[in-house]
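One structure is given here, and the rest of the page talks about it.
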Amino acid sequence: DSAGLALARSIQPLNPAGVVDILNGKIVLLSIGMSNATQEFSVFKILADTDRTKNPKLVIVDGAQGGQTAAIISNPAANFWSVIDQRLTAAGVTRQQVQVAWVKEANASPTQSFPTHALELQSQFEAIALILKSRYPSIKIAYWASRTYGGYATTALNPEPYAYEAGFAVKWLIEKQINRDTSLSYSGSNPRAPWLAWGPYLWADGMIARGDGLIWQCGDFQSDGTHPSNSGRLKVAQLLLNFFRTDPTAQVWFLRSPPTGIERADDQVPGRFVLEQNFPNPFNPTTTIHFSLPHREQVTLKIFDVLGQEVATLVKSEYLAGNHSVVFYAEDLASGIYFYRLDVGANVQQRAMVLQK
């Protein structure tokens, strides 16, 4: 933990050559993975890029690509890595400016019994970690993700128990580095890998709620029961956004004003609890909801129709004091008036909005 915090504090804006440039440099957060990863991370990028607390020096690039399994991208010669170069260029940044990665990977149609499947995946994860450091010399941290729930799968692509077992591959990968295996060294004169850690844990046992309330409904997935629907993508995106805003190894580079930093006058902690009017309003099909918290609080943000029936839960997690934003996707809803309600302890505020298709 102390090493991760030290590396996080060392992350600074870099120029295209990888040299510190506080005024004009950039910090790149890059996603690595397959179809589920790009579908989820692309929504996270929208949420993060509209979040007023995000560091303006941070550039988020979705490098994940459909069909690119761990078995494929663990090969450093895979075309996957060339496509990422193209995406970095399109975003106006370079390999040398990549300092953080989020990795979510799996393999197609696994059949091996436990622990063979997870051990093979762990080995591929190790190869990916080495490729990250080789291709992105400035990278400091890589957060690894588990799979989401696979119990609704209607194909052999990645059902249970393989979705759950993938978490062991992540666990063993990180454990190997914690145990100071030199093949994954992240410090010294010749580091071979980034510092490895869990990102937000994504697996939950279907409709059995976790301690933080996360469940996976059938409607959170497409017809194959494996790829996320709009609601599933949003769930992962919000877990990611909350993680980067609250984890001690992420706050220092992700936030405009980290908790231990010097706040600008326009980024002072709000003096009261505020739920703002969504914008745009009317909207189709996306709108952003802003709210402010004077203290760190457990937050719930839900959407209701005119009959008072809940149609979506956008937030159910802890947030830091400050100004926050959440993006609402209403592609599957009919035109009409909806209400969004924010519950923060004993404080409740509600506003109306209009979906106009």
Side-chain angles (χ1 to χ4, degrees), residues 3-4 7 30-38 40-41 63-85 95 98 100-137 139-150 153 155-188 190-203 226 236:
L7 285 168
L30 175 68
S31 71
I32 302 292
M34 67 305 192
S35 53
N36 289 51
T38 186
E40 295 155 353
F41 196 82
Q65 303 157 39
Q68 299 299 292
T69 63
I72 293 172
I73 76 167
S74 56
N75 179 356
N79 187 59
F80 173 86
W81 301 104
S82 298
V83 172
I84 290 181
D85 286 344
R95 287 191 198 178
V98 176
V100 187
W102 177 71
V103 185
K104 181 183 180 184
E105 264 295 0
N107 278 322
S109 305
T111 58
Q112 308 100 317
S113 60
F114 186 81
T116 305
H117 158 252
L119 287 169
E120 180 181 55
L121 197 58
Q122 178 199 349
S123 176
Q124 292 161 349
F125 285 174
E126 291 179 27
I128 293 168
L130 300 183
I131 294 170
L132 288 175
K133 189 63 181 178
S134 174
R135 293 187 71 88
Y136 313 113
I139 195 168
K140 304 290 181 62
I141 295 174
Y143 298 103
W144 239 264
S146 60
R147 289 267 289 111
T148 56
Y149 184 60
T155 74
L157 183 60
N158 203 278
E160 294 297 348
Y162 304 105
Y164 174 71
E165 290 177 3
F168 283 94
V170 178
K171 176 182 184 293
W172 295 333
L173 170 75
I174 297 169
E175 195 170 49
K176 187 171 182 177
Q177 191 180 64
I178 289 174
N179 290 334
R180 300 181 184 277
D181 190 296
T182 56
S183 66
L184 290 172
S185 60
Y186 58 85
S187 60
N190 186 30
R192 302 189 63 191
W195 182 81
L196 307 173
W198 282 97
Y201 184 64
L202 305 180
W203 194 90
T226 301
V236 174

For this session: Kindly write out the residues that satisfy side-chain hydrogen bond (donor to acceptor under 3.5 Å, both in side chains) with Trp203, not counting sequence neighbours, or none if the list is empty.
Result: Glu160
Exercise. Side-chain contact, heavy-atom cut-off 4.5 Å: Ile32 with Ile84?
Worked result: yes
Problem set entry | Nearest heavy atoms of Arg147 and Asn36, plus distance in Å | NH1-ND2, 3.8 Å
Exercise. Under a 4.5 Å cut-off applied to non-hydrogen side-chain atoms, are Pro159 and Thr226 in contact?
Worked result: no
Problem set entry | Pairwise side-chain contact, Trp144 with Ile128, heavy-atom cut-off 4.5 Å (strictly under) | yes
Cut-off 3.5 Å, no hydrogens considered: what does the side-chain donor-acceptor table look like for residues 102-109, sequence neighbours left out?
residue	atom	partner	partner atom	Å
Lys104	NZ	Glu40	OE1	2.8
Lys104	NZ	Glu40	OE2	3.0
Glu105	OE1	Ala70	N	3.0
Asn107	OD1	Ala70	N	3.4
Asn107	OD1	Ala71	N	2.8
Asn107	ND2	Gln124	OE1	2.6

Exercise. So with a 6.0 Å cut-off around OH of Tyr164, is the heavy-atom count from everything else above 12?
Worked result: no
Seminar exercise, completed: Residues passing the side-chain hydrogen bond (donor to acceptor under 3.5 Å, both in side chains) test with Ser31, sequence neighbours excluded, are Asp62
Exercise. For residues 112-128, which residue pairs qualify under salt bridge (Lys or Arg N to Asp or Glu O under 4.0 Å), counting only residues two or more places apart or in two chains?
Worked result: Glu126-Lys176
Exercise. Any side chain to side chain donor-acceptor pair (under 3.5 Å) pairs touching residues 66-85, not counting sequence neighbours?
Worked result: Asp85-Arg95, Asp85-Arg135
Problem set entry | Non-neighbouring partners of Ser183 that pass side-chain hydrogen bond (donor to acceptor under 3.5 Å, both in side chains), sequence neighbours left out | Asp181
For this session: With sequence neighbours excluded, tell me which residues meet side chain to side chain contact (heavy atoms under 4.5 Å, CB included) with Ile178.
Result: Ile174
Exercise. Residues two or more places apart in sequence or in another chain: which of them pass side chain to side chain contact (heavy atoms under 4.5 Å, CB included) with Pro191?
Worked result: Lys133
Exercise. Less than 4.5 Å apart, any side-chain heavy atom of Val170 and any of Trp198?
Worked result: yes
For this session: Write down the atom of Trp172, the atom of Ala118, and the distance for their closest heavy-atom approach.
Result: CZ3-CB, 3.6 Å
Problem set entry | Partner residues of Pro200 under the side chain to side chain contact (heavy atoms under 4.5 Å, CB included) criterion, sequence neighbours left out | Leu202, Leu239, Leu240, Phe243
Seminar exercise, completed: Residues passing the side-chain hydrogen bond (donor to acceptor under 3.5 Å, both in side chains) test with Tyr136, sequence neighbours excluded, are none
Problem set entry | side chain to side chain contact (heavy atoms under 4.5 Å, CB included) partners of Ala193, counting only residues at least two apart | Ala129, Leu130, Gln177, Leu184
